[in-house]
Amino acid sequence: MFGPFKEYLEKELFDRFELQSRSIPPGLESNISDRGKNQATIQSWCYQSPELRKIRYTYIDAGETAQVFNSVIYPSHHYDVPFLGIDFLSFGKKKILVVLDFQPLFRDRAYQEKYIEPMREIRDRYNELAQNLEMKFYDANQYFSKYLLFAKTDPDTVVNRLFPAYQEYIQLYWETLAKAKPLTDPEDIQRIVKAQKDYDQYSAERDPAHGLFSSYFGAKWADKFLYEFLFEDASPLAVASTR
Ligand code: BLA
């Protein structure tokens with residue numbers, strides 16, 4: 001269902017950046033859960049470039065039961081540019097949830113003007129994908145922008161509306177990155193290091209995918225995948241022990 005989205009992102013990345021592979025801890029690159037006819041595979045890819053310190057994406061293919069495409073792009077610590085966050089999920093073809101955003105590191109007016117306002121024009125042309133749904137796991141005011149695409153939708157809309165919207169957001173993201181001025185003051189850079197780490201901690205603690213990963217691959221693998229790959233700058237501490 002989301003194959004063309006993954007291929008588009010991949011081609012863009014390879015055409016535009018000098019990518020180097022970034023290692024994924026052994027055993028986490030892929031996994032297969034074989035429960036008779038409900039086979040599920042998960043596969044992940046990870047790269048870096050001078051501008052982007054971590055580019056990761058994951059595809060879960062459980063046939064008709066579940067299709068998931070998830071990605072986060074982390075800019076270098078020399079840029080205060082938001083993360084590009086992608087989370088597209090389809091369960092049994094009936095329940096399709098899509099989230100796409102420039103995930104802000106900071107929430108002040110100047111940051112908002114610079115990095116979030118430019119999304120507005122695109123968002124306004126894809127109203128049906130911006131449904132203002134309530135968030136149950138995350139706080140919409142933490143690491144989400146006010147122009148995120150967040151929708152419960154159907155396969156036709158995925159092809160005819162989400163795909164063009166996705167391409168426009170990604171193009172805007174590359175433009176944003178190209179325009180960004182690298183930070184040079186070590187204090188400014190440290191502020192980004194901290195903000196990106198806080199995002200990993202927040203995300204690891206709340207990720208609604210833990211249950212999904214556990215059900216296919218077991219809780220131990222799920223914890224490892226979250227804390228050693230997806231959000232590797234988070235420390236497991238409290239949360240892992242309560243699971
Ligand atoms: C929700 N994301 C979800 C859900 C799952 C995932 C299972 C719950 C769906 C439901 O309501 O049943 C899946 N999350 C994943 C997977 C990975 C993951 C497979 O991290 C990793 C491989 N989530 C993100 C990113 C964004 C994001 C980058 O990982 C930003 C675009 C958003 N996912 C997001 C939001 C929800 C969600 C906003 C709804 C959560 C809520 O209601 O609070």
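Just so you know, ligand 1 is whichever comes first in the structure, and atom 1 is the first atom listed for that ligand.
Looking at ligand 1, you won't find any N or O of Asp101 less than 3.5 Å from one of its N or O atoms. Of the N or O atoms in Leu212, none lie within a sub-3.5 Å distance of an N or O in ligand 1. The shortest N or O to N or O distance between Asn70 and ligand 1 is under 3.5 Å. Distances between N or O atoms of Tyr199 and those of ligand 1 include no value under 3.5 Å. Ligand 1 has no N or O atom lying under 3.5 Å from any N or O atom of Gln103, backbone or side chain.
With hydrogens and angles left out, the side-chain atoms of Gln142 and Tyr202 include no donor and acceptor closer than 3.5 Å. There is a side-chain donor-acceptor pair under 3.5 Å between Asp223 and His210. In summary, the side chains of Gln67 and Asp61 do present a donor paired with an acceptor at a separation below 3.5 Å, with no hydrogens or angles considered. Of the N and O atoms on the side chains of Asp154 and Thr157, at least one donor lies less than 3.5 Å from an acceptor on the other residue. When only modelled atom types and interatomic distance are considered, Tyr147 and Asp101 share no side-chain donor-acceptor pair under 3.5 Å. Side-chain atoms of Gln171 and Glu12 include a donor-acceptor pair closer than 3.5 Å. The closest side-chain donor-acceptor pair between Glu168 and Tyr126 falls under 3.5 angstrom.
Ligand 1 places these atoms under 4.0 Å from at least one heavy atom of Val99: 31 (C), 32 (C), 34 (C), 35 (C), 38 (C). Below 4.0 Å from some heavy atom of Phe144 lie the following atoms of ligand 1, by number and element: 30 (C), 32 (C), 38 (C). Numbered from 1 in the order shown, with element, the atoms of ligand 1 that lie under 4.0 Å from a heavy atom of Ala209 read 7 (C), 13 (C), 14 (N), 15 (C), 16 (C), 17 (C), 18 (C), 19 (C). The distance from ligand 1 to the heavy atoms of Val72 drops below 4.0 Å at these ligand atoms: 28 (C). Which parts of ligand 1 touch Val68 is read off a 4.0 Å heavy-atom cut-off, strictly below it: atoms 19 (C). Within the listing of ligand 1, atoms 28 (C), 31 (C) sit less than 4.0 angstrom from a heavy atom of Ile86. Short contacts between ligand 1 and Lys136, defined as distances under 4.0 Å to a heavy atom of the residue, involve ligand atoms 41 (C), 42 (O), 43 (O).
Atom 23 (N) of ligand 1 has Asp87 OD2, 2.9 Å as its closest protein atom, hydrogens excluded (heavy atom only). Distance from atom 14 (N) of ligand 1 to its nearest protein heavy atom, with residue and atom name: Asp207 OD1, 3.2 Å. Nearest protein heavy-atom contact of atom 8 (C) of ligand 1 is Pro208 CB, 3.7 Å. The closest protein non-hydrogen atom to atom 9 (C) of ligand 1 is Leu97 CD2, 3.9 Å.
Residue Tyr143 places every heavy atom at 4.0 Å or more from ligand 1. For Lys95, the closest heavy-atom approach to ligand 1 falls below 4.0 Å. Under a 4.0 angstrom heavy-atom cut-off, Ser71 registers as being in contact with ligand 1.
Taking the six-membered ring for Trp and the full ring otherwise, the centers of Trp174 and Tyr169 sit at least 6.0 Å from each other. Taking the six-membered ring for Trp, Tyr59 and Phe2 have ring centres at least 6.0 Å apart. Residues Tyr143 and Phe83 keep their aromatic ring centres 6.0 Å or farther apart.
Counting heavy atoms under 4.0 Å from ligand 1, residue Leu89 touches it through the side chain alone. Within the 4.0 Å heavy-atom criterion, the part of Leu230 lying near ligand 1 is the side chain and not the backbone.
Under a hydrophobic-cluster definition in which Ile, Leu, Val, Met, Phe, Trp and Tyr are linked whenever side-chain heavy atoms come within less than 4.5 Å, directly or via other members, Leu133 and Phe144 are assigned to the same cluster. Residues Tyr8 and Tyr173 fall within the same hydrophobic cluster, defined by Ile, Leu, Val, Met, Phe, Trp and Tyr side chains chained together at heavy-atom separations under 4.5 Å.
If you check each of Phe213, Phe150, Phe137 against atom 39 (C) of ligand 1, the one with the closest non-hydrogen atom is Phe150.
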Can Gln196 and Tyr74 be said to form a side-chain hydrogen bond (donor to acceptor under 3.5 Å, both in side chains), step by step? CA-CA 8 Å; Gln196 289 198 1; Tyr74 295 73; over 6 Å; no

